[in-house]
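Within every chain, numbering begins at 1; the chains are lettered A, B, ... in the order of the sequence lines, protein sequences first and strands thereafter.
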Protein chains: 2
Amino acid sequence: MVDESAERLTRVFAALADPTRRDLVARLASGDATVGELAEPYDMSLQAVSKHLKVLEEAGLVTRSKDAQRRPVHLDAEVFDLMTKWIERYRQQAEERYRRLDALLDHMADNTDHTPTRKDAS
Amino acid sequence: MVDESAERLTRVFAALADPTRRDLVARLASGDATVGELAEPYDMSLQAVSKHLKVLEEAGLVTRSKDAQRRPVHLDAEVFDLMTKWIERYRQQAEERYRRLDALLDHMADNTDHTPTRKDAS
DNA sequence: CAGGTTCTCAACCATCAGGTTGACAACGCG
DNA sequence: CGCGTTGTCAACCTGATGGTTGAGAACCTG
């Protein structure tokens, strides 16, 4: 099993790895907008922006509804949680480790400089 | 100059968009390891893993030191903050917007009661 | 219905990303 | 010193990504 959420994570991170797409998200955070409105400030074709929006949509970051020939784009903040959870998990783990190492070094400072660079502690 | 931290964000998000690299980060969160140790579980060459580590390093997620011919890899959790901050900013903005919309709809449900008085039974 | 507006789809192209293999640098050890 | 161990670098291949243009679907409006 390839873990369902792994793929979502991959798509979300990949989606946000592009500056244009991050900017789109940033602008959508303050309100929905149509494709044309979103495309206007960029020096690229409308089609290119449409593609970017498709990527964001497939990552679950955005939903496109239908209003006549307009496609209002709406930011869907839910997926952010997935990322934040992933990040926080390992960040905290790493920081915890860091604190322990810190304490260990403090402790060793009392003793002689016996290079304890042994690994294989598992 | 395209904004210093934008480039870092791009590199961090791109780095974590790969499942192998996310797994490396996950494993490094519980302790430093050498390239060989890290490469062992994967069905890919050592060189490939070395490349992945380079990407993580250039994203600032990892540092490689030098111990004889070994290169112990260490997870550097600091950069996570950059991401979390970016994410949280827009997530909160979007959620705030959502709450306001919600309130608006609630409000309308209260005092528009005279408009839909007729069920329009058709 | 004709015509303008808004947007997506398809084909194409250049560049990048992730993998391979082969060569070799740097180091510890017998 | 010579050799095995550990890891990087370089060249190469393939598929994905980000952009383009052209065509046309879908919809309002006159």
Let me know, please, whether A/His52 or A/Asp67 comes out on the 5' side of the other along DNA chain D by nearest nucleotide. A/His52

If I take atom NZ in residue B/Lys51 and atom P in nucleotide C/dT20, what distance separates them, rounded to the nearest angstrom? 9 Å

Hey, does the side chain of B/Thr34 come within less than 4.0 Å of D/dG7's phosphate (OP1/OP2), counting only N and O? yes

Output yes when at least one side-chain N/O atom of A/Arg21 is less than 4.0 Å from OP1 or OP2 of D/dG18, else no. yes

Figure out the CG/C1' separation between B/Asp18 and C/dG19, and round it to whole Å. 11 Å

For atom CZ of B/Arg27, decide whether the heavy atoms of other residues, nucleotides or ligands shown that lie under 6.0 angstrom number more than 12. yes

Side-chain N or O of A/Ser45 versus OP1/OP2 of D/dT20: is the shortest distance under 4.0 Å? yes

Pair B/Lys85 + B/Glu88, salt bridge at N-O below 4.0 Å: no

Taking only side-chain N and O atoms of A/Arg64, does any of them lie within less than 4.0 angstrom of OP1 or OP2 on C/dC7? no

Any non-hydrogen side-chain atom of B/Val73 less than 4.5 Å from a side-chain atom of B/Leu56? no

Closest-nucleotide ordering on DNA chain C, the 5'-leading residue of A/Glu37 and B/Gln47: A/Glu37

Whole-Å distance separating the CG atom of B/Leu46 from the C1' atom of C/dG19: 13 Å

Report the distance from atom CZ of A/Arg11 to atom C1' of D/dA16, rounded to the nearest whole Å. 15 Å

Here's a test of your reading of the structure: between A/Val55 and A/Arg71, which maps to the more 5' nucleotide of DNA chain D? A/Val55

Using only side-chain N and O atoms of B/Arg70, determine if any of them is under 4.0 Å from OP1 or OP2 of C/dG28. no

Integer-rounded Å distance: C/dT6 P and A/Leu53 CG: 16 Å

Which is true for B/Lys54 with a 4.0 Å heavy-atom rule: it touches a base, it touches only sugar-phosphate, or it touches nothing? sugar-phosphate

Nucleotide D/dA16, atom P - distance to CD of A/Glu7 in whole Å: 13 Å

Nearest 0.5 Å please: distance from the CZ atom of B/Phe13 over to the CG atom of A/Leu16. 5.0 Å

Compare all side-chain heavy atoms of B/Glu37 with those of B/Arg70 and state whether any distance is below 4.5 angstrom. no

Looking only at side-chain N and O atoms, does A/Ser50 come under 4.0 Å of OP1 or OP2 in C/dC7? no

Between CG of B/Leu24 and P of C/dG18 the distance, given in whole Å, is 12 Å

To the nearest Å, how far apart are A/Tyr42 OH and C/dC7 P? 15 Å

Is the phosphate of D/dT6 approached by B/Lys66 (side-chain N or O, under 4.0 Å from OP1 or OP2)? no

